[in-house]
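Here is the structure we will look at, set down as structure tokens.
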Amino acid sequence: MPTAPQPKPWIMDIAPYVPGRATTDDGRKVAKLSSNENPLGTSEAARAAYQAHSGDLDRYPDAGAGALRDAIGGHYGIEPERIIHGTGSDEILHLAAGAFAGHGDEVIHVKYGFSVYDIATRRVGATTIIAPDDDYGTNVDTVLSLVTPRTTMVFIANPNNPTGTFVPRAEIARLHAALPKHVLLVVDQAYTEYLDAADDDGALELARTQANVLVTRTFSKIFGLAAERIGWGYGSADVIDAMHRIRAPFGVTSGGQAAAIAALKDTGFVARSKAHNDEWRAWFAGEIGKLGNAGLRAVPSKANFILVTFGGAVSAGEAYKALMDKGYIVRWLPGQGLGQGLRITIGTEAEIRGVAQALREIVGG
């Protein structure tokens, strides 16, 4: 007999999530371009709303987040009763897997998908099925080819993290139409606010009208509320009901709920954040393009970061360490099979100009 508690084997098969670093190997706090945070910070209106709740620390927050769900519903034109909130969209992803996957089930996600998909799947004892990529993006036909009678869920990030690639509206619709009705399609839209209006992938409308679509979103990115961990999901009444049954109570603080409501109203801050990202993402992609002779390539991105791949004399791992020495922390993901690339957040003008110059010096461009 075991002499100590034994974790379940499928739990020990999980590779723990590794967050983007904030300091260098020697402890220096430098330019952090590793976690896709908003370089413009947080809306002042959201900050004030958060601070207004400093006197409520002895009281539990609204467990149902009624005012927040009403605000989200009004902002996006969706039913508040079909919205679920959680500690970041990560919790919503875990709740979906917890409600709709388990032993004997299969969950599909793309090769270069968000690492939480694999963790959420394995946590409930289900089997992860990896769909090979199409130039770092999602290939709908490849995903569909992997569907079996044991498939219960498909995770699609759009835009995708960590690659920045995008699945157009017609392809999302084609994927959904071809999936069996019992398979839940989860479209993770953490970066959707960085898209142009013409790039709407239609997933929110599918979630409104179809029983097997769940959309997840977050306040951590363009809204600048990463520290408060506020996410939400929208789907059919039955899907949301099942997820609510396993949701932990009091997950989002009173201050966080108030800040999120204020952030939704501050459309000017969101517009400025998107404009900044549009300008400097395009500029940075152009600078990487000039280093093509050194083997660098910017994977086309619609998010607030660019995946830079390295195919020349300098490897991604070497560049990662050299950038750290020069004062820039980016994201190197060999654990996700992306040892050949660095995901670099679009930071402030000074940061993005600086990291571009640092890369030129490192690769000799």
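The shown structure was predicted, so the numbers you read here are calculated from the model rather than taken from an experiment.
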Q | V355 vs I352, side-chain contact (heavy atoms from CB on, under 4.5 Å): CA-CA, chis, key distance, verdict | A | CA-CA 5 Å; V355 78; I352 209 67; 4.0 Å; yes
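- The distance between the ring centers of F223 and F269 does not fall below 6.0 angstrom.
- Partner E106 forms a side chain to side chain donor-acceptor pair (under 3.5 Å) with one of T148, T128, T127 and no other, that one being T148.
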(Q) Apply side-chain contact (heavy atoms from CB on, under 4.5 Å) to residues Y234 and T216 and explain how you reach the verdict. (A) CA-CA 7 Å; Y234 173 70; T216 65; over 6 Å; no
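- Following chains of ILVMFWY side-chain contacts shorter than 4.5 Å, one cannot reach M153 starting from V213, and the two form parts of different hydrophobic clusters.
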Q: Evaluate the criterion side-chain contact (heavy atoms from CB on, under 4.5 Å) for residue pair E228 and T253; output intermediate values, then yes/no.
A: CA-CA 8 Å; E228 278 302 289; T253 67; 2.5 Å; yes
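- A distance-only check finds a donor-acceptor pair linking the side chain of Q257 to the backbone of V252 [under 3.5 Å].
- To the nearest 0.5 angstrom, D105 atom CG is 4.0 Å from T152 atom OG1.
- In summary, the side chains of S301 and R281 do not present any donor paired with an acceptor at a separation below 3.5 Å, with no hydrogens or angles considered.
- Atom CG of N293 has 12 or fewer neighbouring heavy atoms from other residues, nucleotides or ligands inside a 6.0 Å radius.
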Q: Show the numbers, then the answer: is there a side-chain hydrogen bond (donor to acceptor under 3.5 Å, both in side chains) between S236 and R82?
A: CA-CA 6 Å; S236 72; R82 289 172 54 185; over 6 Å; no
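- Note that the CD1 atom of I329 and the CG atom of L342 stand 12.5 Å from one another [nearest 0.5 Å].
- Nearest heavy atoms, R343 versus L307: N-CD1, 4.0 Å.
- The backbone N or O of G347 sits less than 3.5 Å from a side-chain atom of H276, completing a donor-acceptor pair.
- What you find for A358 and L323 is that their closest heavy atoms are CB-CD2, 3.6 Å.
- Crowding of Y50 atom OH: a count of heavy atoms from other residues, nucleotides or ligands under 6.0 Å not exceeding 12.
- Once rounded to the nearest 0.5 Å, the distance linking CG of N139 with OG of S145 reads 8.0 Å.
- Surrounding NZ of K265 are at most 12 heavy atoms belonging to other residues, nucleotides or ligands under 6.0 Å away.
- If you take CG on L264 and CD1 on I72, they are separated by 6.0 Å, rounding to the nearest 0.5 Å.
- P162 approaches Y112 most closely through the heavy-atom pair CD-O, 3.4 Å.
- Smallest separation of non-hydrogen atoms from A207 and V215: CB-CG2, 4.1 Å.
- The nearest pair of heavy atoms linking F166 to D199 is CZ-O, 2.9 Å.
- A donor-acceptor distance shorter than 3.5 angstrom exists from the side chain of T218 to the backbone of S220, with no hydrogens or angles considered.
- Looking at R229 and E91, no side-chain N of the basic residue comes within less than 4.0 Å of a carboxylate O on the acidic one, giving no salt bridge.
- With W280 as the aromatic partner, R353 does not meet the cation-pi criteria of under 6.0 angstrom to the ring centre and within 45 degrees of the ring axis.
- A donor-acceptor pair shorter than 3.5 Å can be found between the side chains of D201 and N158.
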(Q) side-chain hydrogen bond (donor to acceptor under 3.5 Å, both in side chains) for Y191 and N36? Distances and angles first, verdict last. (A) CA-CA 10 Å; Y191 298 90; N36 303 337; 2.9 Å; yes
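- By the rule that hydrophobic residues join a cluster once side-chain heavy atoms approach within less than 4.5 Å of another member, I362 and Y320 end up as members of one cluster.
- Remark: K302 does not engage D278 in a salt bridge, criterion side-chain N to carboxylate O under 4.0 Å.
- The side-chain tip of R217 points at the ring of Y76 from less than 6.0 angstrom away and within 45° of straight on.
- In terms of heavy-atom proximity, Y136 sits nearest to T165 at O-OG1, 3.1 Å.
- Other residues, nucleotides and ligands place no more than 12 heavy atoms under 6.0 Å from the CZ atom of R123.
- Remark: E287 engages R360 in a salt bridge, criterion side-chain N to carboxylate O under 4.0 Å.
- Both L146 and V183 sit in one connected hydrophobic cluster of ILVMFWY residues. Membership requires side-chain heavy atoms under 4.5 Å apart, directly or through other members.
- Looking only at distances, a side-chain donor or acceptor of N277 sits under 3.5 Å from a matching main-chain atom of A303.
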Q. Where do D118 and T121 land on the side-chain hydrogen bond (donor to acceptor under 3.5 Å, both in side chains) test, with the steps shown first?
A. CA-CA 5 Å; D118 185 69; T121 299; over 6 Å; no
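- Here the CG-CG distance, from D133 to N160, works out to 9.5 Å after rounding to the nearest 0.5 Å.
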Q.
As a quick check of understanding, evaluate side-chain contact (heavy atoms from CB on, under 4.5 Å) for I230 and T87, giving each step before the final call.
A. CA-CA 5 Å; I230 309 163; T87 52; over 6 Å; no
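- A salt bridge links R245 with D241; the closest basic N to acidic carboxylate O contact falls under 4.0 Å.
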Q | From CA spacing to verdict: salt bridge (charged side-chain N to carboxylate O under 4.0 Å, His left out), E193, K274 | A | CA-CA 7 Å; E193 289 85 7; K274 182 182 182 304; over 6 Å; no
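- Counted within 6.0 Å of NZ on K321, heavy atoms from surrounding residues, nucleotides or ligands total 12 or fewer; the atom is thus considered open.
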